[in-house]
Protein chains: 2
Amino acid sequence: MSIETAAKQLEALGNVTRLRVYRTLVRAGDDGLPVGSLQERIGIAASTLSHHLHRLISTGLVTQERQATTLICRANYPAMHGLVGFLVDECCIDARCAPREKAAALA
Amino acid sequence: MSIETAAKQLEALGNVTRLRVYRTLVRAGDDGLPVGSLQERIGIAASTLSHHLHRLISTGLVTQERQATTLICRANYPAMHGLVGFLVDECCIDARCAPREKAAALA
DNA sequence: CCGCTGTTTCGATGCTCATGGAAATAGCGG
DNA sequence: CCGCTATTTCCATGAGCATCGAAACAGCGG
């Protein structure tokens, strides 16, 4: 994970609207959600949502799959784990936060 | 942790320069680093660094402490843990990623 | 009190983003 | 092949960001 990739993903999540979209997808699980359902739940213009989705997809945080005329969106869990891993990677080099405590702190 | 706070922190980290600053501080550990050292290591104008630091501080990700004329900067580990926790909070509601697997995935 | 080093504020510029309405496109169902 | 629904692209606008140099400020050491 390059720092540029991490920054792009963090920036993608660093917007309330996109973060809301992303969390909605995270909650939806592997079934995913159609774009239209997302739009209803979040209450923004379709064009705005499309714009944000494109951003999340281009950074690899979200995937899409076509089912007939509707597009199903899903959170990319491995990508999220990778990003979180990058953040905590160099955390706690000092003694006050031993590596073994990481899992506990994040659980 | 409100979604607005999380988004602000993610946005703060979603910039290559700021992410570099932050990671440098994370690596530095509890000793922290003076602003001047940060500037040398990262190689940007002092005014630019000051601007970015202000942003990281205002979101609570970094703290500063005065020591004579130099300002020591430190990464705020609890804040980072809180943010990461927010991200993984609703992760894996579905069966394919049981809560107990979270720690393993993030370790 | 003076000057020096470290840091911030000011000002200016160019760039990218967030947003939504309107129009275009995609692909099924008949 | 047509029309319908779902989604994207186009366009325009207002707002905020990244960057740096110059100038101002803070506080110690003498």
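First the proteins, then the strands, lettered A, B, ... as listed; each starts at 1.
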S.K.: Picking from D/dA6, C/dG6, D/dT8, which would you name as closest to the side chain of B/Thr70?
M.R.: C/dG6

S.K.: With the side chain of A/Gln64 defined as its heavy atoms from C-beta on, choose the nearest nucleotide among D/dG27, C/dC28, D/dT8.
M.R.: D/dT8

S.K.: Return the set of residues passing side-chain contact (heavy atoms from CB on, under 4.5 Å) with A/Leu87 (not counting sequence neighbours), or none when no residue passes.
M.R.: A/Leu10, B/Leu13, B/Val84

S.K.: Once you round it to whole Å, what is the distance between C1' of C/dT8 and CG of B/Leu49?
M.R.: 11 Å

S.K.: Check whether any side-chain N or O of B/Arg66 sits under 3.5 Å from a backbone N or O of B/Ala68 as a donor-acceptor pair, and report yes or no.
M.R.: yes

S.K.: May I ask you to evaluate whether A/Thr69 reaches the phosphate of C/dG27, defined as a side-chain N or O under 4.0 Å from OP1 or OP2?
M.R.: no

S.K.: Sequence neighbours left out, cut at 3.5 Å: what donor-acceptor pairs do the side chains of residues 52-59 of chain A make with other protein atoms?
M.R.:
from	atom 1	to	atom 2	distance (Å)
A/His52	ND1	A/Arg18	NH1	3.1
A/Arg55	NH2	A/Glu11	OE2	3.3
A/Ser58	OG	A/His54	O	3.4
A/Ser58	OG	A/Arg55	O	3.1
A/Thr59	OG1	A/Arg55	O	3.2
A/Thr59	OG1	A/Leu56	O	3.0

S.K.: To the nearest Å, how far apart are B/Gln67 CD and C/dT5 C1'?
M.R.: 16 Å

S.K.: With side chains defined as the heavy atoms from C-beta onward, is the minimum distance between B/Lys8 and B/Thr5 less than 4.5 Å?
M.R.: no

S.K.: Taking the side chain as every heavy atom from C-beta outward, state whether B/Met80 and B/Tyr22 have any pair of such atoms under 4.5 Å apart.
M.R.: yes

S.K.: Atom CD1 of B/Ile57 and atom P of C/dT7: how far apart are they, to the nearest Å?
M.R.: 12 Å

S.K.: Could you note down all residue pairs passing salt bridge (Lys or Arg N to Asp or Glu O under 4.0 Å) where residues 77-88 of chain A supplies at least one of them, sequence neighbours left out?
M.R.: none

S.K.: Start with the C-alpha gap between A/Arg20 and A/Thr17, add the side-chain angles, then the distance that decides, and say whether side-chain contact (heavy atoms from CB on, under 4.5 Å) holds.
M.R.: CA-CA 5 Å; A/Arg20 222 185 296 274; A/Thr17 303; 5.7 Å; no

S.K.: Minimum heavy-atom separation for B/Leu19 to A/Ala6, with atom names?
M.R.: CD2-CB, 4.0 Å

S.K.: Provide, to the nearest angstrom, the distance between the CG atom belonging to B/Leu56 and the C1' atom belonging to D/dA18.
M.R.: 14 Å

S.K.: How sharply is the helix from C/dC1-D/dG30 to C/dG30-D/dC1 bent, taking the axes over five pairs at either end and rounding to 10 degrees?
M.R.: 30°

S.K.: In whole angstrom, give the distance that lies between atom CD1 of B/Ile72 and atom P of C/dG6.
M.R.: 12 Å

S.K.: For A/Leu38 and D/dT8, give me the distance from atom CG to atom P, rounded to whole Å.
M.R.: 10 Å

S.K.: Contact class for A/Ala68 vs. all strands (heavy atom < 4.0 Å): base, sugar-phosphate, or nothing?
M.R.: sugar-phosphate

S.K.: Rounded off to whole Å, could you give me the CG-to-C1' distance for the A/Leu71 and D/dT8 pair?
M.R.: 9 Å

S.K.: Calculate the interatomic distance between A/Gln39 atom CD and D/dT5 atom P; express it in whole Å.
M.R.: 15 Å

S.K.: List the atom pairs, with distances to 0.1 Å, where a side-chain N or O of residues 35-48 of chain B and a protein N or O form a donor-acceptor pair under 3.5 Å, not counting sequence neighbours.
M.R.:
from	atom 1	to	atom 2	distance (Å)
B/Gln39	NE2	B/Ile44	O	3.2

S.K.: Assign a letter to each nucleotide of nucleotides 16-24 of chain C from its 5' end: B, base within under 4.0 Å of a protein heavy atom; S, sugar-phosphate only; -, no contact.
M.R.: -SSBBBB--

